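Below is one structure; the comments refer to it alone.
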Amino acid sequence: MSVLGALPFMKPLHHVRSPVPQGRRHTLPASEFRSLSPEDAISVFEIEREAFISVSGECPLHLDEVRHFLTLCPELSLGWFEGGRLVAFIIGSLWDQERLTMDALTLHKPHGATVHIHVLAVHRTFRQQGKGSILMWRYLQYLRCLPYVRRAVLMCEDFLVPFYQKSGFKALGPAEITVGPLNFIEMFYPVRGHAFMRRNSGC
């Protein structure tokens, strides 16, 4: 169901090369953005586990759930690779209600118009470099190229609210979902102006 290869908008994102001194040749691009596949699941989970277990003790997605979403809707994921190594990623799925419920943690609703962003994580050696913000910006730009998407939603802990606000998300209030002792704020991003954005971004 992947549509990334068919969208001209994504082509400039596929290979973003850094300057290479003359005489040096690389077999892998310095920087690459692409959708993820089930084959990436272990790399994804290793980054996620380290990022979240150390902070909250809980992973948004377990390994089988990562594989589940990367099989059902790989086009709603985006990975950032440096020299062929995954350094940051986002995984999303479609949802068909105004607010998130427990079912949104495990279900992909193919006819939904809302993208539920399950997780954004950056490898520990690449943090504090702005990669999370850059990846989220690229992801939201990409969502504008999908005609069926109307909004994006996510839930996060209080201390992450300012980060997502800087990306344009607005708080909806406390999420209905709790995970163990953790409570979350639900946030949304309006994906609008589809026809205009497609005309002006190459979609």
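The shown structure was predicted, so the numbers you read here are calculated from the model rather than taken from an experiment. If you read the sequence from its start, that first residue is 1, and numbering goes on from there.
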field: Counterpart residues, ring pair (Phe, Tyr, Trp, His ring centres under 6.0 Å), relative to Phe188 (two or more places apart)
entry: none
- request: Please tell me if the side chains of Leu76 and His108 come closer than 4.5 Å, counting only heavy atoms from C-beta onward.
  value: yes
- request: Look up atom CG in Leu182 and atom CD in Glu157, then write down how far apart they are to the nearest 0.5 Å.
  value: 5.0 Å
- line: Shortest non-hydrogen pair, Gly92 vs Cys73, comes out as O-SG, 3.5 Å
message: Against the six-membered ring of Tyr189, is Arg151 placed for a cation-pi contact (under 6.0 Å from the centre, within 45° of the normal)?
response: no
query: How about Tyr142 and Ile90: do any of their side-chain heavy atoms sit closer than 4.5 Å?
result: no
- prompt: So, the side chain of His68 versus the backbone of Thr106: is there a donor-acceptor pair under 3.5 Å, distance only?
  reply: yes
field: Main-chain N/O of Val122 paired with Arg127 side-chain donor or acceptor, under 3.5 Å
entry: yes
message: Applying side-chain contact (heavy atoms from CB on, under 4.5 Å) to Met102 and Val179, what does each step give before you reach the verdict?
response: CA-CA 10 Å; Met102 288 298 293; Val179 178; 5.9 Å; no
- prompt: Any side-chain heavy atom of Phe163 within less than 4.5 Å of one from Ser133?
  reply: yes
Residues Asp40 and Arg34 bridged, charged N to O under 4.0 Å: yes
message: Using side-chain contact (heavy atoms from CB on, under 4.5 Å), reason through Tyr139 and Val115 one step at a time and then give a plain yes or no.
response: CA-CA 11 Å; Tyr139 187 75; Val115 171; 3.5 Å; yes
query: Say you draw a straight line from OG1 of Thr114 to CD of Gln97; how long is it, rounded to the nearest 0.5 Å?
result: 9.5 Å
field: Derivation of the side-chain contact (heavy atoms from CB on, under 4.5 Å) call for Leu172 and Arg99
entry: CA-CA 9 Å; Leu172 285 169; Arg99 298 294 298 265; 4.1 Å; yes
query: Just wondering, do Arg85 and Thr125 contact through their side chains at under 4.5 Å, heavy atoms?
result: yes
- prompt: Is there side-chain contact between Val44 and Leu61, with at least one heavy-atom pair below 4.5 Å?
  reply: no
statement: Taking every heavy atom of Ala152 against every heavy atom of Ile117, the minimum-distance pair comes out as CB-CD1, 4.3 Å
query: Which atom pair, heavy atoms only, marks the closest approach of Phe52 to Cys59?
result: CB-CA, 4.3 Å
message: Assigning hydrophobic clusters by single linkage (Ile, Leu, Val, Met, Phe, Trp, Tyr; side-chain heavy-atom cutoff under 4.5 Å), is Phe45 placed with Leu72?
response: no
- request: Would you check, one step at a time, whether the test side-chain contact (heavy atoms from CB on, under 4.5 Å) holds for Phe184 with Thr178?
  value: CA-CA 7 Å; Phe184 305 97; Thr178 58; 5.6 Å; no
Interatomic spacing from CD1 in Ile91 to CG in Leu36 - rounded to 0.5 Å: 6.0 Å
Those residues that, when tested against Phe69, pass ring pair (Phe, Tyr, Trp, His ring centres under 6.0 Å) (two or more places apart): His118
message: Quick check: do Lys131 and Met136 have side-chain heavy atoms less than 4.5 Å from each other?
response: no
message: Looking at Ser35 and Leu78, would you say the former's side chain and the latter's main chain have a donor-acceptor pair under 3.5 Å?
response: no
message: Rounded at 0.5 Å granularity, tell me how far CD1 in Ile134 sits from OG in Ser31.
response: 9.0 Å
message: Using 30° and 60° as the class boundaries, would you call the ring planes of Phe33 and Trp80 parallel, tilted or perpendicular?
response: tilted
task: Please round to the nearest 0.5 Å and tell me the distance separating atom CD of Glu48 and atom NE2 of His62.
output: 8.5 Å
message: Applying a strict under-4.5 Å side-chain criterion to I, L, V, M, F, W and Y, I'd like to know whether Leu120 and Leu63 cluster together.
response: no
- prompt: Shared ILVMFWY cluster between Tyr164 and Ile185, side chains joined below 4.5 angstrom?
  reply: yes
query: Is the shortest heavy-atom distance from the side chain of Leu100 to the side chain of Trp95 under 4.5 Å?
result: yes
message: To the nearest 0.5 Å, what is the distance between CD on Glu186 and CD on Glu98?
response: 9.5 Å
field: Validation row: Gln165, Met187 side chains within 4.5 angstrom (heavy atoms)
entry: yes
- prompt: Do Val119 and Leu107 sit in the same hydrophobic cluster, where Ile, Leu, Val, Met, Phe, Trp and Tyr count as joined when their side-chain heavy atoms come under 4.5 Å apart?
  reply: no
